[in-house]
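What follows is a short report on a single structure.
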Amino acid sequence: MQPRFCYNKRAQETLAAFVNGGRFPHALLLEGPEGSGRRTFAREIAAALFCRGEHKPCGSCSQCRKVLEQNHPDVEYYGGDGSRRSFHIDTIRQLRQNAWLLPGEAPCRVCVLCGAENMTDQAQNALLKILEEPPEHTVFILTAENRAMLLPTILSRVQTIRLEPLTPAEILPVLRERCPDQPGEKLEWAAETADTIGQALALLADESLQRHAQLAQRMLELLCNGSEYDLLTAVEPVSRKREDLLEVCTQLRQLLTAELTRAASGGESRFSTRRITRMLEALDDLLPRVQQNGNTLLLSTLLALRLSQA
């Protein structure tokens, strides 16, 4: 059976209120950083809607087991390949057709849109039509790292559940349980570095990822306190290998997204919301060019300059 969603108590309490209140929203948005368990929580929600046990989701009835094992016929997953604007209108057209089908064995159908922030504007507008007049028997669950990437018209028709980044004190016990053979200091570093359990586990499993995460952290520090020359020097080690530059950019984007979330929610951030947004725009502009076999030396230099000037 797939892992259950065990963290983010506030999100669990919100789900329980929806289920126990008897009036479940027709569309939810699960917002949270990479590795926060958005898709796992989407399965938990579907299980709660289908559950035949007393305490929903019980995790043991036939309906829960099918959902959590990802083989329930009334739960469908849609999305792009994870890259920006890869979630196209044709996928939404297929979703709209399937959403009107009656459920086969559950009380309703659940359509999960993974990485909804990667929908094109055309796809979002096509989705809006069915969110405005949804089938009574269908629930839509959108997942996204950052709700600001969605159109305001979409946001006005969904209820958001925020999966908050976890603290090191919340992450560390889980790492100790799941990775008992790892040195304590390494577990502590991963808990301090990551915002989510998923991110921390990925760091522990991949030494290359660890180096890239450390470099991304260093770049963020230099963006706060360093010079343009310092940033150019820092990025030089990954300027000749495409995979390294791409991973550092991805790590840096995750760090900036976490900073944006903190800033937008009134928490403490090293940067203004406006500056974080400009830096994310620079990354989103350069990442496809790295992926498309651009000159990595030129792009790494351009990355440092664009980020410094953002």
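- Between Met119 and Leu150, the shortest heavy-atom contact is CE-CD2, 4.0 Å.
- A salt bridge is absent between Arg10 and Glu13; no separation between the charged side-chain nitrogens and carboxylate oxygens falls under 4.0 Å.
- Checking Pro57, Ser62, Cys64, Cys58 one by one against Arg52, the side-chain contact (heavy atoms from CB on, under 4.5 Å) holds for a single residue, Ser62.
- By the criterion of side-chain heavy atoms lying less than 4.5 angstrom apart, applied directly or through intervening Ile, Leu, Val, Met, Phe, Trp or Tyr residues, Phe87 is grouped together with Leu155 in one hydrophobic cluster.
- Nearest approach of Ala99 to Thr138, heavy atoms of both residues: O-OG1, 2.7 Å.
- Asn125 contributes a side-chain N or O that, together with a main-chain N or O of Asp121, makes up a donor-acceptor pair within less than 3.5 Å.
- The two residues Pro135 and Ile130 make their nearest non-hydrogen contact at CD-CG1, 3.9 Å.
- With Asp74 contributing its side chain and Ala106 its backbone, the two residues share a donor-acceptor pair below 3.5 Å.
- Below 30°, between 30° and 60°, or above 60°: for His26 and Phe140 the angle between ring planes is above 60°, a perpendicular geometry.
- Under the 4.5 Å side-chain criterion, counting only non-hydrogen atoms from C-beta, Ser208 is not in contact with Glu247.
- Using a distance-only test at 3.5 Å, with no hydrogens or angles considered, no donor-acceptor pair links the side chain of Thr143 to the main chain of Arg38.
- Between the Ser86 side chain and the Asp81 main chain, a donor and an acceptor come within less than 3.5 Å of each other.
- Under a 4.0 Å N-O distance rule, the pair Asp244/Arg240 does not qualify as a salt bridge.
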Next item on the list: Determine, step by step, whether Gln217 and Gln251 satisfy the side-chain hydrogen bond (donor to acceptor under 3.5 Å, both in side chains) criterion, reporting the C-alpha distance in whole Å, the side-chain angles of both residues, the deciding distance to 0.1 Å, and the verdict.
Entry: CA-CA 8 Å; Gln217 287 176 316; Gln251 290 283 338; over 6 Å; no

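- Using modelled atom types, no side-chain atom of Glu117 and backbone atom of Met149 make a donor-acceptor pair closer than 3.5 Å.
- Counting only distance, with no hydrogens or angles, the side chain of Ser239 and the backbone of Glu236 share a donor-acceptor pair below 3.5 Å.
- Formation of a donor-acceptor pair under 3.5 Å by the His212 side chain with backbone atoms of Glu207 is not found in this model.
- Checking side-chain atoms of Arg109 against main-chain N and O of Asn98 turns up a donor-acceptor pair under 3.5 Å.
- Side chains of Trp189 and Gln210 form a contact here, defined as non-hydrogen atoms less than 4.5 Å apart.
- Classification of Lys241 and Glu243 as a salt-bridged pair fails, no side-chain N sitting under 4.0 Å from a carboxylate O.
- The shortest side-chain heavy-atom distance between Asn146 and Glu31 falls under the 4.5 Å cut-off.
- At least one donor-acceptor pair closer than 3.5 Å links the side chain of Arg65 to the backbone N or O of Ser60.
- Taking the ring axis of Tyr77 as reference, the NZ or CZ atom of Arg39 stays within 45° of it and closer than 6.0 Å to the ring centre.
- Cluster annotation: Ile161 is connected to Leu49 through the hydrophobic network of ILVMFWY side chains, with a link wherever side-chain heavy atoms come within less than 4.5 Å.
- Within the 4.5 Å cutoff, the side chain of Gln309 has no heavy atoms near those of the Arg278 side chain.
- Counting only distance, with no hydrogens or angles, the side chain of Asp206 and the backbone of Ala202 share no donor-acceptor pair below 3.5 Å.
- Closest approach of Val139 and Cys108 over heavy atoms only: CG2-SG, 4.4 Å.
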Note to self: As a quick check of understanding, evaluate salt bridge (Lys or Arg N to Asp or Glu O under 4.0 Å) for Glu221 and Arg218, giving each step before the final call.
What the structure shows: CA-CA 5 Å; Glu221 292 169 2; Arg218 175 61 179 156; 3.7 Å; yes

